[in-house]
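Notes follow the structure.
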Amino acid sequence: MAYDFQVTVDAADPHVLADWWAETLGWQTEPTDEAFIREMIAKGYATEDETRTYKGALVWKAGAAIRHPDSPADGPPKRVLFQLVPEAKTVKNRVHLDVWVGAANVEEQREKLAARGATFLHSGRQGPHSWVTMTDPENNEFCIS
């Protein structure tokens, strides 16, 4: 049996990082449900301390998610979750995203990503395949190829 899954990324500011990745991938940031959040607080399942205001909307502090624009409304989404963690990233990722932009677009995308806060680390090649390794604004490694 095959399983659906999501990728979860630790973040110092999940909402800012989710916005950055949504723009990078052409995905959508999942909307907040302020009424649901208020209901959970009113019923005692959550506290005001577990929320914050981001871009004028009430959101959960603990996380934000993005989803592929073609994710089905009635099925498992193609989704990346960004979750709040107290510590900063200190070592190399054991898992990273590879973003396929097309060989002819790698250098242009590298420049655009750097202008938006990504950092170039190095270029790699294996046989006919090449890639560029970068970090996002919170130093999470990813590759473009």
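- When atom types are taken as modelled, the side chain of W20 and the backbone of R116 share a donor-acceptor pair closer than 3.5 angstrom.
- Not one N or O on the side chain of T119 forms a donor-acceptor pair closer than 3.5 Å with the backbone of T135.
- Linking Ile, Leu, Val, Met, Phe, Trp and Tyr whenever their side-chain heavy atoms come within less than 4.5 Å puts F142 and F120 in one cluster.
- Using a 4.5 Å cut-off on side-chain heavy atoms (C-beta onward), E108 and E111 make no contact.
- L84 and L81 fall into different hydrophobic clusters, where Ile, Leu, Val, Met, Phe, Trp and Tyr residues are linked whenever their side-chain heavy atoms come under 4.5 Å apart, directly or through other members.
- The CD1 atom of I37 lies 11.5 Å from the CZ atom of R52; values are rounded to the nearest 0.5 Å.
- Separation of atoms NZ (K92) and CG (N139) is listed at 13.0 Å; rounding is to 0.5 Å.
- Of all non-hydrogen atoms in P14 and A62, the two that sit nearest each other are CG-O, 4.1 Å.
- Within the 4.5 Å cutoff, no side-chain heavy atoms of L97 are placed close to those of V9.
- In this structure a side-chain-to-backbone donor-acceptor pair under 3.5 Å is missing from K78 to H68.
- Checked options L17, T8, I66; the residue passing with V80 is I66 (criterion: side chain to side chain contact (heavy atoms under 4.5 Å, CB included)).
- Under a 4.0 Å N-O distance rule, the pair K89/E141 qualifies as a salt bridge.
- Between the SG atom in C143 and the NE2 atom in H122 there is a gap of 7.0 Å [rounded to 0.5 Å].
- Considering only heavy atoms from C-beta on, K55 comes within 4.5 Å of D19 through its side chain.
- For R79 and D4, the salt-bridge test fails: no basic side-chain N is under 4.0 Å from an acidic carboxylate O.
- Connectivity analysis of hydrophobic side chains (ILVMFWY, heavy atoms under 4.5 Å, direct or indirect) links V91 to nothing; its cluster partners are none.
- Atom CZ of F36 is surrounded by 12 or fewer heavy atoms from other residues, nucleotides or ligands within 6.0 Å.
- Under the 4.5 Å side-chain heavy-atom criterion for grouping Ile, Leu, Val, Met, Phe, Trp and Tyr, W21 is not connected to V95 through any hydrophobic cluster.
- Of the possible donor and acceptor atoms, one in the side chain of E138 sits under 3.5 Å from a partner among the backbone N and O of D13.
- Counting heavy atoms from C-beta outward, F82 and N140 have side chains that stay 4.5 Å or more apart.
- Residues L113 and V101 share a hydrophobic cluster, clusters being chains of Ile/Leu/Val/Met/Phe/Trp/Tyr side chains in contact below 4.5 Å.
- Atom CD of Q126 sits in a sparse spot, with 12 or fewer heavy atoms from other residues, nucleotides or ligands closer than 6.0 Å.
- Side-chain N or O atoms of E30 include none that pairs as donor or acceptor with a backbone N or O of A65 at under 3.5 Å.
- The hydrophobic cluster containing V132 also contains L25, counting ILVMFWY residues as joined when their side-chain heavy atoms lie under 4.5 angstrom apart, directly or transitively.
- Of the inter-residue distances, the one linking E48 atom CD with E50 atom CD reads 10.0 Å to the nearest 0.5 angstrom.
- W27 has its side chain within reach of P69: a pair of non-hydrogen atoms, C-beta onward, lies under 4.5 Å apart.
- In this structure H15 satisfies the ring pair (Phe, Tyr, Trp, His ring centres under 6.0 Å) test together with Y54, sequence neighbours excluded.
- Residues T51 and W60 have side chains in contact (heavy-atom distance under 4.5 Å, counting atoms from C-beta outward).
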